[in-house]
K.L.:
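So that we are looking at the same thing, I have put the structure below in structure tokens.
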Number of protein chains: 4
Amino acid sequence: MVAESSEKRQKILRAALELIAGHGFHDAPIALIAERAGVGAGTIYRYFEDKDVLIAELFRQLHDKVYTWLMNGYGPDRPLEERFLHLGTALLRYFVANPMDFRFLEQYFNSPYGVAFRRTKLLGTSDNGDLYRRLLEEGVARKVVKDLPLVVLYALATGPLLVVARDHILGFVELSEPLIAQTIQACWDGIKRGVTNENDQ
Amino acid sequence: MVAESSEKRQKILRAALELIAGHGFHDAPIALIAERAGVGAGTIYRYFEDKDVLIAELFRQLHDKVYTWLMNGYGPDRPLEERFLHLGTALLRYFVANPMDFRFLEQYFNSPYGVAFRRTKLLGTSDNGDLYRRLLEEGVARKVVKDLPLVVLYALATGPLLVVARDHILGFVELSEPLIAQTIQACWDGIKRGVTNENDQ
Amino acid sequence: MVAESSEKRQKILRAALELIAGHGFHDAPIALIAERAGVGAGTIYRYFEDKDVLIAELFRQLHDKVYTWLMNGYGPDRPLEERFLHLGTALLRYFVANPMDFRFLEQYFNSPYGVAFRRTKLLGTSDNGDLYRRLLEEGVARKVVKDLPLVVLYALATGPLLVVARDHILGFVELSEPLIAQTIQACWDGIKRGVTNENDQ
Amino acid sequence: MVAESSEKRQKILRAALELIAGHGFHDAPIALIAERAGVGAGTIYRYFEDKDVLIAELFRQLHDKVYTWLMNGYGPDRPLEERFLHLGTALLRYFVANPMDFRFLEQYFNSPYGVAFRRTKLLGTSDNGDLYRRLLEEGVARKVVKDLPLVVLYALATGPLLVVARDHILGFVELSEPLIAQTIQACWDGIKRGVTNENDQ
DNA sequence: GATGAATGAGCGTTCATTCAT
DNA sequence: CATGAATGAACGCTCATTCAT
């Protein structure tokens with residue numbers, strides 16, 4: 001096995017990212033990835049068993065990158081709402097700053113690979129470092145967040161974010177910093193338990 | 001005669017829907033669609049100019065079906081919130097009842113075709129029967145809904161819905177009738193203008 | 001068997017001629033011929049066993065038409081040269097007046113069918129009404145025409161004519177009546193026995 | 001490296017030539033060319049962008065080969081008639097010696113590609129190394145050749161040659177060396193200005 | 001007789017993967 | 001280690017021919 005950090009390996013992943021983000025999975029033939037990476041087509045198979053593995057690895061890298069980004073400035077001891085706003089804002093900012101990463105992740109989740117990952121995250125028992133999951137579970141336990149299944153809370157917390165990120169990248173809206181903040185705040189409004197009416201939810 | 005409602009035409013559309021919903025656009029080769037529809041491969045081209053047209057037509061049919069479904073019981077004169085809840089609930093129920101339709105539409109919107117459609121819907125000026133759009137614009141005008149760009153309101157209104165529908169279909173959550181209602185209510189909570197705090201929004 | 005003169009049959013042959021002359025053998029699918037002829041595709045098979053037979057029959061018709069045209073005003077008792085000039089001029093005029101016929105015949109001769117026909121004409125023993133052949137054989141016997149194999153004389157008599165007809169139809173030259181006469185005269189100059197030098201040829 | 005002279009490339013061109021010469025453009029599917037060349041079907045596309053390019057390249061090669069052959073022993077300073085006889089004789093010999101080349105060129109000129117080439121050659125103003133054209137124009141200028149349009153002279157010079165070459169290849173005549181000479185001489189007789197009779201031509 | 005919907009073999013072309021160098 | 005030429009299965013699509021009506 002070749003070292004994780006091989007320069008060639010990174011070039012290949014970068015080329016794949018650019019092509020897939022730019023034109024979709026199916027306009028990213030191996031030969032083109034190789035050309036853009038400046039390596040031979042066969043070389044790719046020295047670093048990745050097949051195309052599926054290459055894509056899975058690309059996803060893993062981006063996932064790690066996003067996680068690291070989210071952790072940056074994350075205060076685990078801050079109030080729940082603040083933590084929620086931090087995560088959402090950071091995530092949206094990340095997508096605005098890294099549109100290719102978003103486009104790739106979108107494609108990935110919209111494919112059979114994505115389903116498997118999602119299953120692990122939502123149903124898995126292992127604590128796999130999912131910040132959102134812990135946050136939401138804590139919120140429910142503390143009765144700050146509506147008492148809904150985790151899956152639904154997830155959807156409320158991230159669904160609007162994904163749609164708005166896509167529309168920004170497609171040029172349908174310009175996500176300014178205040179707009180980002182307002183969007184995430186609205187997500188929180190959807191998730192948080194109503195305060196005036198105890199029966200609310 | 002090749003009528004709109006030709007039985008073979010419908011079989012072909014059905015087969016395409018099943019395959020695309022089940023495994024994505026690219027695991028639905030014409031030969032397989034034909035086999036599943038019980039017709040020869042060449043026959044498909046008597047009903048559809050090419051594969052793109054077949055897919056576009058499938059989308060059009062489903063879009064019409066959804067629209068009709070949403071209009072069923074929709075009271076244009078009812079209060080805004082009620083109308084919002086009606087639309088969301090109906091849509092989510094539809095997806096729960098017609099998982100293949102949902103899966104297809106998801107694939108479609110995640111393709112170049114979908115982008116074009118979205119552009120028309122979000123940026124177009126023509127009143128093209130978009131219920132959500134009119135509802136949201138009215139809500140903003142009446143100061144019942146937060147004063148955010150249409151695109152963002154769209155995301156808040158439909159984003160969670162799409163994610164939760166997918167997760168239901170994938171078996172990650174069981175969307176009971178009450179859960180559907182709670183989910184849509186939460187979307188409304190995200191969209192509606194805060195009442196107690198004037199600075200809110 | 002359907003009557004030779006069936007109106008539908010003629011319409012089919014006409015449609016085939018127009019399409020083949022216009023765009024070549026392979027841009028003349030049966031369905032298009034049927035459409036242009038105003039009949040059903042299946043109907044064509046009531047009149048012609050298959051596409052090959054249709055084409056062969058079209059050739060036969062045109063061949064007859066040309067023969068009739070050449071005989072028009074042909075004086076079997078006129079001097080050889082005069083007869084030669086008559087045939088060549090008539091043929092060239094015919095092609096100028098009926099470019100589609102020429103285009104079709106060109107295609108036909110340039111296909112496997114054409115070879116069989118040519119073989120019969122050049123090697124066959126049956127006197128099949130070939131005016132040129134009799135003329136040339138007579139010319140050789142009378143020592144007015146060079147003593148060359150029939151095939152070669154044929155080539156000298158008709159080769160330039162075919163090339164010039166094609167170039168006229170393609171618009172590379174405008175074949176006026178005097179130019180036609182000059183061209184055929186030049187063909188005769190190539191075929192006729194030299195007069196001043198007995199050893200000539 | 002895909003050199004001009006790659007062995008596989010030549011094998012593919014050779015296979016295409018054999019098939020097209022033998023049975024025409026449309027009985028030479030890529031799969032058959034590949035099989036005869038002893039390569040995979042996909043391999044052809046490494047050397048040629050598509051089938052059209054393969055055919056165009058085949059034409060270019062043969063055209064060059066013919067040109068080189070014609071130039072062999074051509075004396076630009078020899079008398080016009082001698083040059084004419086040299087060209088015709090050489091061309092006919094070439095076709096007799098390379099029947100497949102002839103058959104291919106025949107097919108090519110009888111296709112849309114061929115028409116474009118012909119147009120350039122006949123109507124183009126650039127001196128594109130066309131030996132025949134320069135010869136004929138010179139002949140007209142010197143009043144050695146009949147004062148006819150270039151296109152017609154072309155037809156008289158090459159028409160018989162093409163017909164006779166085809167008939168030789170089809171076995172309708174045996175083109176011996178003397179017969180070749182006589183044929184070309186006859187072409188010259190058709191083209192040259194009559195000397196005894198001033199009104200001639 | 002006449003139809004045209006249905007067929008499926010066959011086409012040109014792409015691309016993930018292999019392997020000799 | 002790295003390469004890129006070679007592969008062939010699979011794709012979307014065409015069209016001569018058949019046959020139920």
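As the structure is a computational prediction, the values presented were derived from the model and not from experiment. Reminder, nothing fancy here: chain letters follow the sequence lines and each chain counts from 1.
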K.L.:
Suppose we screen for salt bridge (Lys or Arg N to Asp or Glu O under 4.0 Å). Which residues come up paired with A/E18, at least two apart in sequence or across chains?
P.N.:
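If we apply the salt bridge (Lys or Arg N to Asp or Glu O under 4.0 Å) test to A/E18, skipping adjacent residues, the hits are A/R14, A/R36.
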
K.L.:
Going by the angle between their ring planes, with limits at 30° and 60°, are B/F59 and B/F117 parallel, tilted or perpendicular?
P.N.:
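Taking B/F117 first and then B/F59, their aromatic rings stand perpendicular (interplane angle over 60°).
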
K.L.:
Let's see if you can work this out: which of F/dG12, E/dC15, E/dT7 has an atom nearest to the side-chain heavy atoms of A/P29?
P.N.:
E/dC15

K.L.:
May I have the distance from A/Y47 (atom OH) to E/dA16 (atom P), rounded to whole angstrom?
P.N.:
20 Å

K.L.:
Give the rounded distance in Å between these two atoms: CG of A/D52 and C1' of E/dT17.
P.N.:
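So the CG-C1' distance, A/D52 to E/dT17, works out to 12 Å.
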
K.L.:
Starting at CD of D/E49 and ending at P of E/dT14, how long is that distance when rounded to a whole Å?
P.N.:
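Interatomic distance, CD of D/E49 to P of E/dT14: 9 Å.
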
K.L.:
Using atom CD1 of C/I30 as one end and atom C1' of E/dT3 as the other, report the distance to the nearest whole Å.
P.N.:
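Distance check: C/I30 CD1 to E/dT3 C1' gives 15 Å.
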
K.L.:
Out of the candidates D/I44, D/V39, D/L13, only one should pair with D/K8 under the side-chain contact (heavy atoms from CB on, under 4.5 Å) rule; please name it.
P.N.:
D/V39

K.L.:
For DNA chain F, list all stems, counting runs of three or more consecutive pairs where every pair is Watson-Crick or G-U wobble with both distances under 3.5 Å.
P.N.:
E:2-21 with F:2-21

K.L.:
For the OH atom of B/Y47 and the CD atom of B/E57, what is their distance to the nearest 0.5 Å?
P.N.:
13.5 Å

K.L.:
Output the rounded distance in Å from OH (A/Y45) to P (E/dC15).
P.N.:
13 Å

K.L.:
Could you tell me the separation between the CE atom of D/M100 and the CZ atom of D/R103, rounded to the nearest 0.5 Å?
P.N.:
11.0 Å

K.L.:
If you measure from CG on B/D27 to CG on B/L32, what distance do you get to the nearest 0.5 Å?
P.N.:
9.0 Å

K.L.:
Measure from NZ on B/K8 to P on E/dG4 and round the result to the nearest Å.
P.N.:
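Going from B/K8 (NZ) to E/dG4 (P), I get 16 Å.
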
K.L.:
For DNA chain E, whose closest nucleotide is more 5', that of C/G40 or that of D/A41?
P.N.:
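The residue mapped nearer the 5' terminus is C/G40.
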
K.L.:
In Å, rounded to the nearest 0.5 Å, how long is the span from CG of A/L162 to CZ of A/F109?
P.N.:
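With rounding to 0.5 Å, CG (A/L162) is 8.5 Å from CZ (A/F109).
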
K.L.:
How close or far is atom P of E/dC11 from atom NZ of D/K51, stated in whole angstroms?
P.N.:
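Distance, rounded to whole Å: 9 Å.
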
K.L.:
Using whole Å, report how far CD1 of A/I44 lies from P of E/dT18.
P.N.:
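Nearest whole value for this atom pair: 13 Å.
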
K.L.:
Which residue, A/D27 or D/A28, contacts DNA chain E at a nucleotide closer to its 5' end, judged by nearest heavy atom?
P.N.:
D/A28

K.L.:
Of the candidate nucleotides F/dT17, E/dT3, F/dT3, which contains the atom at the shortest distance from the side chain of C/V39?
P.N.:
E/dT3

